[in-house]
S.K.: 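Questions regarding the structure given below will be posed in turn.
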Amino acid sequence: MSHLMNTYARQPVAFTHGAGCFLTDSEGKTYLDALSGIAVNTLGHAHPKLVAALAGQAQRVIHVSNLYHIQEAEALADALARISGLQEVFLCNSGAEANEAAIKLARFYGHRRGIDRPVVVVMDNAFHGRTLATLSATANPKAQKGFEPLVEGFLRVPFDDLDAVRALADNANVVAVMLEALQGEGGVTPISSPTLQGLRALCDAQEWLLVCDEVQCGMGRTGQWFGYQHAEVLPDVVTLAKGLGSGLPIGACLAGGRAAGLFAPGNHGSTFGGNPLSCRAALATLEVIETEGLLARAEATGALLQRELKRALAGAAGVKAIRGKGLMLGIELDRPCGALVDKAREAGLLINVTHDSVIRLLPALIFGEAEARQLLALLVPLILDFLKG
Ligand SMILES: *Cc1c(COP(=O)(O)O)cnc(C)c1O
């Protein structure tokens, strides 16, 4: 019997090593990885530049403490500010922590403005994490059940509905609007550009913070560095994690505009946050994305995948939608399809199903045309078979 706490329904497979877009299990069977540890392994597995950067860093220093200056953290903050358009970076260890920092920042901003009971507007189908505050911001009653009382101070509205947020303009306690530009767990659903632009204008008019949770859709996954860049808006707060360190745990909360300059020493912190090893992983990730042109590659490979999936599946009875951006793709069926995960794995392909009926593809940004064609050849027949059965 496992001594691990029973928090995951684990699939009957254990991987021992990987290379590029492939993973090998303890029996020696190799799989095409179209999930990347849920959008984490940005550079695939065992990328030589990442491995060398980590080995070199481990030999120098792994952890010191935020009681001291950390050059790797400074360099990472510079790079994240450059690509995001925001000014300041708080470094932590996960997506939930990045969102906790964002929620605390929004509340702090409210208190500064004399709002004692600040409210953050959140969306239907949102996923923001598993800590108490981020679970409260998440729109999943099943995940919340048994953990009440939830954290107060959230108001939920339908996703991609500007009028629903506008209707809150009279609520003097609202301080921020928090959303995923492309919802991940919620079914791979993008917000429309006009809605996001409208929310930006509304937040400006109301002096609310626009908070974009880019934990899943950020770091190049959609073919731009960040999901919000497709709408050409600039949020006040952006959160990152998953793909930021290509597998090393690291998260970040970025702030700009009226959200910058709020925290002072003592307001927030993290023991591990910004440690040299995790920062080195993120720096190597950014460097490889830039030097190997992985944004353009994600866009091109994603476009090919989406086009071919639509060609092969769009007419099939039972396929409701094929959507997403770059290498964040969803195929929505008209029925629960969790069983496809096992069938795919047996065929040598790693995928995921989210929101019961959405097949989710999140391959590494190094995925190219050859891997895309292999993925299509494995996945399309499985889906067609499944829909017949
Ligand atoms: C995964 C995810 C989180 C939570 O990240 P953890 O690292 O698991 O805490 C938050 N927001 C979004 C959009 C995510 O996809």
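Reckoned from all heavy atoms, side chains included, excluding hydrogens, waters and symmetry mates. Since we're looking at a predicted model, the values are computed, not measured. In each ligand, atom 1 is the first atom listed, and ligand 1 is the first ligand listed.
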S.K.: Go through the side-chain N and O atoms of Glu185 and Gln216 and say whether any donor and acceptor fall under 3.5 Å apart.
M.R.: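 Yes, a side-chain donor-acceptor pair sits under 3.5 Å.
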S.K.: Backbone or side chain, does any N or O of Glu180 fall under 3.5 Å from an N or O of ligand 1?
M.R.: no
S.K.: At less than 4.0 angstrom from any non-hydrogen atom of Asn99, what atoms of ligand 1 do you find?
M.R.: 10 (C), 11 (N)
S.K.: In the protein, what heavy atom is nearest to atom 2 (C) of ligand 1, and what distance, to one decimal place, separates them?
M.R.: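 Residue, atom and distance for the closest contact: Lys242 NZ, 2.5 Å.
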S.K.: Distance to 0.1 Å, residue and atom name: give those for the protein heavy atom nearest to atom 6 (P) of ligand 1.
M.R.: Gly95 N, 3.5 Å
S.K.: Decide, yes or no, whether a salt bridge links Arg258 with Asp204 under the criterion of side-chain N to carboxylate O below 4.0 Å.
M.R.: yes
S.K.: Hydrogens and angles aside, do Gln57 and Arg60 bring a side-chain donor and acceptor to less than 3.5 Å of each other?
M.R.: yes
S.K.: To the nearest 0.1 Å, how far is atom 9 (O) of ligand 1 from its closest protein heavy atom, and which atom is that?
M.R.: Ala96 N, 2.8 Å
S.K.: Hey, is ligand 1 close enough to Gly129 that some N/O pair sits below 3.5 Å?
M.R.: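 No, Gly129 has no N/O under 3.5 Å of an N/O on ligand 1.
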S.K.: Any Lys/Arg nitrogen of Arg113 or Glu207 sitting under 4.0 Å from an Asp/Glu carboxylate oxygen of the other?
M.R.: yes
S.K.: Taking the basic N atoms (NZ, or NE/NH1/NH2) and the acidic carboxylate oxygens, is any pair closer than 4.0 Å for Lys242 and Glu214?
M.R.: no
S.K.: Assess whether atom CD of Glu148 is packed by more than 12 heavy atoms of other residues, nucleotides or ligands within 6.0 Å.
M.R.: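 Check passes, neighbour count above 12.
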S.K.: Give the residue and atom name of whichever protein heavy atom lies nearest to atom 11 (N) of ligand 1, and the separation in Å to one decimal.
M.R.: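 Residue, atom and distance for the closest contact: Asp213 OD2, 2.7 Å.
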S.K.: Within the 4.0 Å heavy-atom shell around Ser94, which atoms of ligand 1 are there?
M.R.: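 Every atom of ligand 1 under 4.0 Å from some heavy atom of Ser94: 7 (O), 9 (O).
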